[in-house]
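Reviewing the structure listed below.
None of the values given here were measured: they were computed from a predicted structure.
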Amino acid sequence: MSFTSYCLILFCSLLLSISSYCIGQTSPQTKAFILPVTKDSSTLQYITQIGQRTPLVPIKLTIHLGGQTLWVDCENGYVSSTYQPLLCGSTQCTIAKVDTCANCSTSAPKIGCNDNACLASEVKGTVGLGRNLIALPSQLAEIFSFPRKFAVCLSSSTQSSGVIFFGDGMMLPNIDVSKDLIITPLITNPFGTGSVPSLNEPSSEYYIGVKSIRVNGKPVTINKKLLGVDKSGNGGTKISTGSPYSMLESSIYDVVTKAFIDELSNATRVAAVAPFETCFSSKSVGSTRVGPAVPTIDLVLQTTRVYWRIFGANSMVKVSQDVICLGFVNGGIKRTASIVIGGYQLEDNLLHFDLARSTLGFSSSLLFHQTTCANFNFTTKA
C-alpha cells in the first residue's frame with residue numbers, strides 16, 4: 001500500500017478523544033491520560049483503542065513501545081468532517097523532520113492524498129511511545145503541560161486489560177507500586193531510526209545498560225562487547241513490545257540456556273516446541289506465587305545490586321497441558337540489539353519511563369505485591 005494511504009497524527013485536538021478514562025479534568029487541568037491495553041491471542045500483539053474522526057469512530061491500534069509516531073490508515077473507509085492535512089513547511093512537519101511532499105497531480109486532492117502535504121513513509125498504524133518529540137508521550141505532555149513520563153503495565157491475560165498511564169497518577173488499586181520501583185538510566189542508541197534515516201537521528205527505541213546476566217544468582221560468561229551499543233547502533237539491550245518473547249544473540253542464548261538447564265537438573269527435559277528450544281515436563285517442576293519454581297534470571301544493570309529479576313511467571317511459557325518452555329528465543333549472530341526484552345517478560349511488571357530524566361523505573365513481578373496489571377479498575381475515575 002502506498003504512503004498516501006496513511007496519515008500522521010500530530011498535535012491534534014483528537015488526542016482529547018484518545019481515551020474516555022482521564023485522571024483529573026479536561027484541558028488545561030488534565031493531570032494524566034490512561035489507555036487500556038489488551039493482548040491479541042493470535043498475534044500476541046498489544047492493542048489499544050482510540051476515538052478518532054468526526055463523528056467519533058473507535059479504532060484499534062497496535063502499541064509500539066519504541067515507535068516514532070501515532071498514525072492510522074486514513075484512506076480506506078475514512079470519513080470525517082474535520083479532517084485537515086498536514087502541509088509541508090508547517091510546524092508539525094518541521095518537528096517530525098519530514099521533507100517528503102505528496103503530489104496529487106493524477107487526481108483531485110482527497111483524504112490520503114493532498115498537494116503539499118507531508119505523509120510519513122513506511123507506516124503501519126500504531127501508537128508510537130518512543131523517545132522522540134512526535135511520539136504520543138511527548139505530544140500529550142506538550143498539549144496538556146504534564147510531565148514527559150508514562151508507565152506501562154501489560155496484562156498476562158488475553159481476557160483482561162493492562163494499562164498505559166501518561167503523566168502523573170500511576171498506581172494500581174489499593175497499592176502504590178511506584179514507590180518501590182528500581183531506577184536505571186535509559187541508554188541512547190546514537191544510530192538513527194528517525195523518520196529521515198539520512199539525518200542519523202538517535203533511535204527512538206528504549207535501551208538499558210545490562211552489564212551481566214546471572215542464572216540462579218550465578219554469573220554466566222558473556223562477551224561484554226555485545227552488551228554495549230557500538231557506533232553503528234548494534235549491540236546493547238532493547239525493550240520492545242514488538243517481540244512477543246525475549247531474544248538473545250546466539251552466544252548469549254547458549255550460555256544462559258546451558259546455565260538454566262544445569263540449575264534445573266532435577267526437571268525432566270522434553271522435546272523442543274518452536275520457537276522455544278528448552279522445554280520441560282510441567283509435572284516435574286513445582287510452583288510458587290511468582291510462577292513455576294525455576295531458576296531466576298537476573299539482568300544486572302549499573303551495579304551488582306541493581307538488577308531486573310525474571311521469575312518463572314515471566315520466564316516459562318505453558319505450551320501444552322504438560323509442557324512448559326523457557327520463553328527466550330535464539331536471535332542469531334547478526335542482531336541489531338544483542339538482547340531484546342520482549343512482551344512476555346514485561347507482563348505484570350510495572351515500567352515507568354521518565355523521558356525528561358532519561359530513566360526507567362521497573363518493579364519486577366507484581367505477583368510479589370499480590371496484584372497484577374489486570375487489576376486496574378477502568379470503571380471508575382481517580
Side-chain angles (χ1 to χ4, degrees), residues 64-67 129-132 135 137 148-152 154 178 180-194 200-215 217-243 245-256 259 296-311 314-315 328-329 331 333-346 349-365:
H64 182 359
L65 184 61
L129 304 178
R131 302 181 69 176
N132 55 316
R148 289 183 63 223
K149 59 177 68 172
F150 68 100
V152 177
L154 301 175
S178 63
D180 299 322
L181 296 182
I182 300 170
I183 307 299
T184 192
L186 290 170
I187 305 300
T188 299
N189 184 332
F191 191 77
T193 56
N200 290 329
E201 297 173 315
S203 172
S204 61
E205 302 271 8
Y206 294 96
Y207 284 75
I208 56 175
V210 172
K211 304 298 183 184
S212 63
I213 297 177
R214 297 188 298 232
V215 176
K218 302 174 183 178
V220 297
T221 302
I222 294 175
N223 180 355
K224 294 296 180 69
K225 290 183 179 181
L226 295 172
L227 299 179
V229 178
D230 64 23
K231 294 181 180 180
S232 297
N234 297 316
T237 300
K238 180 175 72 172
I239 305 173
S240 174
T241 54
S243 298
Y245 304 102
S246 290
M247 303 180 70
L248 306 177
E249 186 273 342
S250 285
S251 66
I252 299 176
Y253 178 85
D254 289 343
V255 295
V256 169
T296 56
I297 298 174
D298 294 340
L299 304 179
V300 182
L301 300 164
Q302 58 264 37
T303 72
T304 56
R305 295 184 179 182
V306 182
Y307 52 88
W308 186 333
R309 175 156 289 179
I310 301 173
F311 296 94
N314 293 105
S315 66
F328 290 75
V329 177
I333 60 174
K334 294 183 179 180
R335 293 205 49 77
T336 302
S338 298
I339 301 173
V340 177
I341 305 174
Y344 190 82
Q345 281 66 45
L346 302 178
N349 285 238
L350 179 63
L351 306 180
H352 180 237
F353 297 85
D354 190 325
L355 302 185
R357 296 179 178 176
S358 192
T359 60
L360 167 70
F362 59 94
S363 66
S364 196
S365 178

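If you look at Phe328 and Tyr245, their ring centroids are not closer than 6.0 Å.
The backbone N or O of Pro190 sits nowhere less than 3.5 Å from a side-chain atom of Thr188 that would complete a donor-acceptor pair. A donor-acceptor pair under 3.5 Å links the side-chain atoms of Asn223 to the main chain of Lys225, judged by distance alone. Using modelled atom types, no side-chain atom of Ser204 and backbone atom of Gly130 make a donor-acceptor pair closer than 3.5 Å.
Proximity of Val229 to Tyr207: side-chain heavy atoms (C-beta onward) are separated by under 4.5 Å at one or more points. The side-chain heavy atoms of Phe362 and Ile183, taken from C-beta on, include no pair separated by under 4.5 Å. Using a 4.5 Å heavy-atom threshold, the side chains of Asn314 and Asn349 count as touching. Put simply, the side chain of Trp308 reaches to within 4.5 Å of the side chain of Leu360, judged on heavy atoms. Val329 is not listed as a side-chain neighbour of Leu248, based on a closest heavy-atom distance of 4.5 Å or more.
Side-chain N/O atoms of Ser365 and Arg309 include no donor and acceptor closer than 3.5 Å.
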In a table with atom names and distances, give each donor-acceptor pair under 3.5 Å that connects a side chain of residues 233-243 to protein atoms at least two apart or in another chain.
from, atom 1, to, atom 2, distance (Å)
Ser240, OG, Gly242, N, 3.0
Thr241, OG1, Ile63, O, 3.2
Thr241, OG1, Leu65, N, 3.1

Start with the C-alpha gap between Asp354 and Leu186, add the side-chain angles, then the distance that decides, and say whether side-chain contact (heavy atoms from CB on, under 4.5 Å) holds. CA-CA 9 Å; Asp354 190 325; Leu186 290 170; over 6 Å; no

How far apart are the C-alpha atoms of Thr184 and Thr359, what are their side-chain angles, what is the distance that settles it, and do they pass the side-chain contact (heavy atoms from CB on, under 4.5 Å) test? CA-CA 6 Å; Thr184 192; Thr359 60; over 6 Å; no

Give the C-alpha distance, both sets of side-chain angles, the deciding distance and a yes or no for side-chain contact (heavy atoms from CB on, under 4.5 Å) between Asn189 and Glu205. CA-CA 8 Å; Asn189 184 332; Glu205 302 271 8; over 6 Å; no

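Taking the six-membered ring where the residue is Trp, Phe150 and Phe353 present parallel rings, their angle staying beneath 30° rather than reaching 60°.
Across all non-hydrogen atoms, the minimal contact from Leu129 to Ala135 is C-CB, 4.1 Å. Summarising the geometry of Leu227 relative to Val210, their closest heavy-atom pair is CB-O, 3.5 Å, with the distance given to 0.1 Å. Contact detail for Phe311 and Ser364: the closest heavy-atom pair is CE1-OG, 3.6 Å. Taking both residues in full, the closest heavy atoms of Ser246 and Gly342 are given as OG-N, 3.0 Å, listed atom of the first, atom of the second, then distance. Across all their heavy atoms, Ser315 and Tyr344 have their closest contact at N-CE2, 4.4 Å. Taking each heavy atom of Gly67 and Asn132 in turn, the nearest pair found is O-OD1, 3.9 Å.
Taken from CZ in Arg131 to CG in Leu355, the straight-line distance is 7.5 Å, to the nearest 0.5 Å. Taken from CG in Leu351 to CG in Leu181, the straight-line distance is 9.0 Å, to the nearest 0.5 Å. Between the OG1 atom of Thr221 and the CG atom of Asp254 there is a distance of 13.0 Å, given to the nearest 0.5 Å. The OG atom of Ser338 sits 4.5 Å away from the CG atom of Leu226 when rounded to the nearest 0.5 Å. The line from CD1 of Ile222 to OG of Ser251 is 8.0 Å long, rounded to the nearest 0.5 Å. Rounded to the nearest 0.5 angstrom, Leu299 CG and Ser212 OG are separated by 9.0 Å.
The side chain to side chain contact (heavy atoms under 4.5 Å, CB included) check on Val306 picks up Ile182, Leu301, Gln302, Thr303, with sequence neighbours excluded. Lys211 pairs by the side chain to side chain contact (heavy atoms under 4.5 Å, CB included) definition with nothing, not counting sequence neighbours.
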